[in-house]
Amino acid sequence: MSTLQEKIRALAPQAIAGMRRGIEKEGLRVLPDGSLALTPHPLALGSALTHPHITTDYSESQLELVTSARVGVGACVDELTEIHQYVARTLHAQGELLWNASMPCTLPTDETIPLARFGSSNIGRAKSIYRMGLGHRYGRRMQTISGVHYNWSLPGVDSAGYFALIRNFRRHAFVLLYLFGASPALCPCFVQGRTHSLQPLGPNALYLPHATSLRMGRLGYQSEAQASLAVSYNSLEGYAASLYEALTRPYPPYEAVGVRNPGGDYNQLGTSLLQIENEFYSTIRPKRTTRSGERPLHALRERGVEYVEVRLMDIDPFEPVGISAATMRVLDVFLLHCLLSDSPPDTPAEITELQRNQQLAAERGREPGLCLQRRGQSVPLTAWAQEVLDACVPLAAALDAAQGGSDYSDALQQACARVRAPEQTPSARVLARMAQAHGNSYADFALYQSMVARDALLALPWSDAQQARYLAMAQASLAEQKAIEAADTLPFEDWRQLYVAVDALNAPGHAGASALGPGL
C-alpha cells in the first residue's frame with residue numbers, strides 16, 4: 001500500500017492546478033436593531049429562483065450567496081467579496097444589513113418567520129412547499145441557522161475516491177469544529193419552548209463554556225427522525241440505497257401531517273422520511289450537477305460523484321464575508337489529506353462513535369482534557385487533532401511548491417497554533433469579545449460584528465461597471481423566472497406527483513418536471 005508521501009509525489013501537477021472550490025454562504029437580513037427583516041427578497045437582487053449568485057435558503061429573509069467553482073483561493077475570495085459588496089449596498093439602501101453569524105438574530109414567533117418564495121411556476125411552488133414541510137417537521141427557527149458550505153473537487157478523482165475522502169472527513173471532522181467553530185452562544189429566543197442544557201450568560205445569552213459550534217450540536221441541524229438513518233459511505237451504491245429508502249419509506253408522523261391540509265393547501269411535498277435529497281443532514285455530501293428534470297440521486301447514480309460539499313463550517317463573525325482565505329487553504333489541505341490517506345470501510349459501530357464525537361467536539365470541544373473515541377479507544381481531542389494536522393504538513397508544502405509562496409504552510413501553522421492555544425479559536429474569541437465589549441449579550445455582539453462587516457464592504461472600491469453588471473444579472477434572472485412560469489403546462493399536483501415518483505429516482509426526469517436544483 002502506498003504511503004502518504006508516495007501518494008503526494010504521484011499527484012500530477014495538473015491535478016493540483018485543477019483543484020476547484022466554491023462557496024455557498026447563508027445569512028439573515030436584519031434591521032438596524034438586530035431583529036429579523038420581514039420584507040420580501042429585494043427586487044434589486046433579482047429572482048431567487050434563477051439568479052446565478054444570489055438566492056434565498058429557507059426563509060425569504062435568509063440570503064444565500066454563491067460563487068462559481070474557482071481554481072484559485074484568491075479568485076474565490078474576490079468573487080465572494082464582490083457578491084457581498086453588491087448585497088451590502090442593496091440592503092443598506094433599504095435600511096437592512098446581513099447578519100454575520102451562524103446562530104440567528106432576534107426572531108419573531110415561529111409561524112411569523114417567512115418562508116422563501118420563488119414565484120408561481122411549478123418549480124417555484126415546489127421549493128416553497130418543501131420549506132413548509134421543513135417547518136412542520138423541524139420548526140422554522142432551526143432553519144434560520146446559517147453557515148458556509150465549501151464545494152471542492154480535484155481532477156481525476158472517481159466516486160470511490162470521493163467516498164474514501166468522505167469517510168476520512170467524517171472521522172476527522174472534529175478538527176474543523178475545534179479550529180473554526182464560531183457559535184458557542186446564542187440568543188435565548190432560539191430555544192424558546194425547547195428543552196436544552198445551555199447555561200445562562202447574563203440576561204441576553206445562553207451558552208456552553210467550552211462549546212465550539214452549537215450549530216453542529218444537538219440544538220442545531222439535528223433530527224430525531226433522521227437519527228434512524230445509519231448511512232454508510234463505503235460505496236456509491238450503498239449510499240444511494242440508504243438515501244433511496246429514506247426518500248421512499250413512509251414515515252408515520254409525517255403521514256399524520258399529510259401532503260395537504262383539509263383546506264387544500266400544501267403542508268409538504270411528500271410523507272416519506274425525506275421529502276427530497278437535500279433534506280438529509282450531514283457534515284459532508286457527495287454531489288453531482290443535475291440536468292433539467294433530474295433528481296439529484298439519479299444524477300449521482302448515473303454519472304457518479306463530481307464534487308463534495310462540506311457543510312459544517314460556521315460563519316466567522318470576524319471576517320466580512322464569513323470565511324478567510326487562510327481558512328479555505330486549511331480546508332484544501334485537510335480535504336486532500338482525507339482523499340490521500342488510507343480509508344478503511346466504515347461500520348455501524350464506527351458511525352455511532354463518530355456521531356458521539358461530533359456532539360462532544362461541538363458542545364465541549366475546548367474543554368481541557370476532553371477525549372474522543374477512536375475505534376473504541378479513548379484519545380485526547382487535542383492530541384488527535386495535532387496528529388491529523390502534522391500529517392497535513394507535507395501536503396501544504398506540496399501545494400505551496402505547485403502554486404508558489406508559503407500561503408498553505410502559513411495557514412496550516414496558524415491552525416496548529418490554535419490546537420496549542422484554544423483561546424485563539426473563533427469560539428473562544430466570540431465569548432471573550434462578548435464579555436469585554438457587549439455585556440455578554442450574543443445579539444449585541446453579532447449585530448456589532450455585522451455592522452463592522454457592512455462598513456468594511458461599503459468602504460471597498462465599487463465601480464459603475466460593477467453596479468451595472470449586477471443590475472443586469474438581476475434583470476436577466478427576473479426575465480428567466482417569467483419564462484419558466486410561462487412555459488409550465490402541467491397542473492401543479494400532476495407535476496408534484498411526477499417529481500416525487502419512485503421512478504424519478506431511477507430514471508431520467510419526466511417531461512415538465514424541472515430540476516429543483518442545488519440549495520433547495
Side-chain angles (χ1 to χ4, degrees), residues 8 11-27 52-53 64-87 100 147-157 162 165 169 172-173 175-176 179-182 284 287 306-340 388-389 391-418 426 453 456-457 460-461:
I8 294 169
L11 263 183
Q14 59 265 36
I16 292 179
M19 182 190 294
R20 290 177 180 267
R21 78 281 298 148
I23 297 284
E24 300 168 40
K25 191 252 192 177
E26 302 153 351
H53 299 298
E64 183 172 331
L65 311 184
V66 184
T67 73
S68 313
R70 295 289 189 168
V71 293
V73 167
C76 191
V77 172
D78 288 347
E79 183 179 17
L80 186 64
T81 301
E82 186 182 67
I83 298 167
H84 272 81
Q85 285 179 266
Y86 180 71
V87 168
N100 200 35
V148 176
H149 297 174
Y150 197 71
N151 299 318
W152 188 89
S153 66
L154 190 74
V157 179
Y162 280 122
L165 180 161
F169 181 94
H172 298 147
V175 178
L176 299 181
L179 291 175
F180 303 117
I284 185 169
K287 300 279 281 195
E306 181 182 4
Y307 62 96
V308 292
E309 178 190 37
V310 173
R311 300 169 51 79
L312 54 58
M313 299 296 290
D314 283 351
I315 293 169
D316 185 340
F318 301 106
E319 292 291 331
V321 298
I323 187 171
S324 69
T327 297
M328 291 189 195
R329 291 191 173 95
V330 173
L331 284 169
D332 287 347
V333 175
F334 182 85
L335 290 164
L336 204 51
H337 174 262
C338 291
L339 175 69
L340 298 182
V388 172
L389 295 177
C392 288
V393 170
L395 290 164
L399 288 172
D400 282 334
Q403 301 187 8
S406 61
D407 287 341
Y408 279 96
S409 297
D410 293 346
L412 189 61
Q413 196 172 2
Q414 187 182 63
C416 290
R418 290 182 184 177
L457 291 164
L460 292 173

Practice problem: Return the set of residues passing ring-ring contact (aromatic ring centres under 6.0 Å, His included) with F180 (not counting sequence neighbours), or none when no residue passes. | Solution: none
Exercise. Supply the atom-to-atom distance I83 CD1 to D78 CG, rounded to the nearest 0.5 angstrom.
Key: 11.0 Å
Quiz item: What residues, two or more places apart in sequence or in another chain, satisfy salt bridge (Lys or Arg N to Asp or Glu O under 4.0 Å) together with R70?
Solution: E79
Quiz item: Mind checking whether L335 and Y150 have side chains closer than 4.5 Å, heavy atoms only?
Solution: yes
Exercise. Any chance you could lay out the side-chain contact (heavy atoms from CB on, under 4.5 Å) test for I23 and V321, step after step, and finish with the verdict?
Key: CA-CA 11 Å; I23 297 284; V321 298; over 6 Å; no
Exercise. Measure the spacing between CG of L395 and SG of C338 and express it to the nearest 0.5 Å.
Key: 10.0 Å
Quiz item: Can you tell me if H53 uses its side chain to pair, donor with acceptor, with the backbone of V66 under 3.5 Å?
Solution: yes
Quiz prompt | Residue pairs involving residues 318-338 (criterion salt bridge (charged side-chain N to carboxylate O under 4.0 Å, His left out); sequence neighbours excluded) | solution = R21-D332, R329-D407
Quiz item: Which heavy-atom pair separates C76 from G22 by the least distance, and what is that distance?
Solution: SG-CA, 4.2 Å
Quiz item: Under the side chain to side chain contact (heavy atoms under 4.5 Å, CB included) test, which residues partner P394, sequence neighbours left out?
Solution: Q5, I8
Quiz item: Hey, does V148 have a side-chain heavy atom less than 4.5 Å from the side chain of E24?
Solution: no
Exercise. Would you please test Y408 and V393 for side-chain contact (heavy atoms from CB on, under 4.5 Å) and show each step?
Key: CA-CA 9 Å; Y408 279 96; V393 170; over 6 Å; no
Exercise. Could you walk me through whether V71 and M19 pass side-chain contact (heavy atoms from CB on, under 4.5 Å), step by step?
Key: CA-CA 6 Å; V71 293; M19 182 190 294; over 6 Å; no
Self-check item: Flag side-chain contact, heavy atom, 4.5 Å: L399 against V333
Solution: yes
Self-check item: side chain to side chain contact (heavy atoms under 4.5 Å, CB included) partners of S406, counting only residues at least two apart
Solution: D400, D410
Practice problem: Look at the side chain of R311 and the backbone N and O of H149, then say whether any donor-acceptor pair between them is shorter than 3.5 Å. | Solution: no
Quiz item: Is any side-chain heavy atom of L331 closer than 4.5 Å to a side-chain heavy atom of L176?
Solution: yes
Self-check item: Heavy-atom check, side chain of L389 versus side chain of L412, under 4.5 Å
Solution: yes
Exercise. Taking all non-hydrogen atoms of both residues into account, name the closest pair between M313 and T327 and its distance.
Key: CE-CG2, 3.5 Å
Practice problem: Can you see which heavy atom on W152 is nearest to which on Y307, and at what distance? | Solution: O-CB, 3.3 Å
Quiz item: Atom OG of S324 and atom CE of M328: how far apart are they, to the nearest 0.5 Å?
Solution: 7.5 Å
Practice problem: Could you tell me which residues satisfy side chain to side chain contact (heavy atoms under 4.5 Å, CB included) with Q85, sequence neighbours excluded, listed by chain and number? | Solution: T81, E82, L457, L460, W462
Self-check item: Residue pair L340 / L165, side-chain heavy-atom distance below 4.5 Å
Solution: no
Self-check item: Qualifying residues under side-chain hydrogen bond (donor to acceptor under 3.5 Å, both in side chains), relative to E306, sequence neighbours excluded
Solution: T289
Practice problem: Go through the structure and list residues passing side-chain hydrogen bond (donor to acceptor under 3.5 Å, both in side chains) with D316, not counting sequence neighbours. | Solution: none
Quiz item: If you look at every heavy atom in A69 and R20, which pair is closest and at what distance?
Solution: O-NH1, 3.3 Å
Exercise. Sequence neighbours left out, what passes ring-ring contact (aromatic ring centres under 6.0 Å, His included) with F334? Give chain and number order.
Key: F169
Quiz prompt | Closest non-hydrogen atom pair, A326 against A411 | solution = O-CB, 3.5 Å
Quiz prompt | Heavy-atom check, side chain of L65 versus side chain of H84, under 4.5 Å | solution = yes
Quiz item: NZ/K287 to CD/E309 distance, rounded to the nearest 0.5 angstrom?
Solution: 4.5 Å
Exercise. State, with a plain yes or no, whether a side-chain heavy atom of Q414 is found less than 4.5 Å away from one of V330.
Key: no
Self-check item: Pairing residues for N100 by the side chain to side chain contact (heavy atoms under 4.5 Å, CB included) criterion, not counting sequence neighbours
Solution: K25, I315, S450, A453
Quiz prompt | Partners passing side-chain hydrogen bond (donor to acceptor under 3.5 Å, both in side chains) against S153 (at least two apart in sequence or in another chain) | solution = none
Quiz item: Mind checking what makes side-chain hydrogen bond (donor to acceptor under 3.5 Å, both in side chains) contact with T67, not counting sequence neighbours?
Solution: none
Practice problem: Please check if the side chain of E64 supplies one atom and the backbone of E26 the other of a donor-acceptor pair under 3.5 Å. | Solution: no
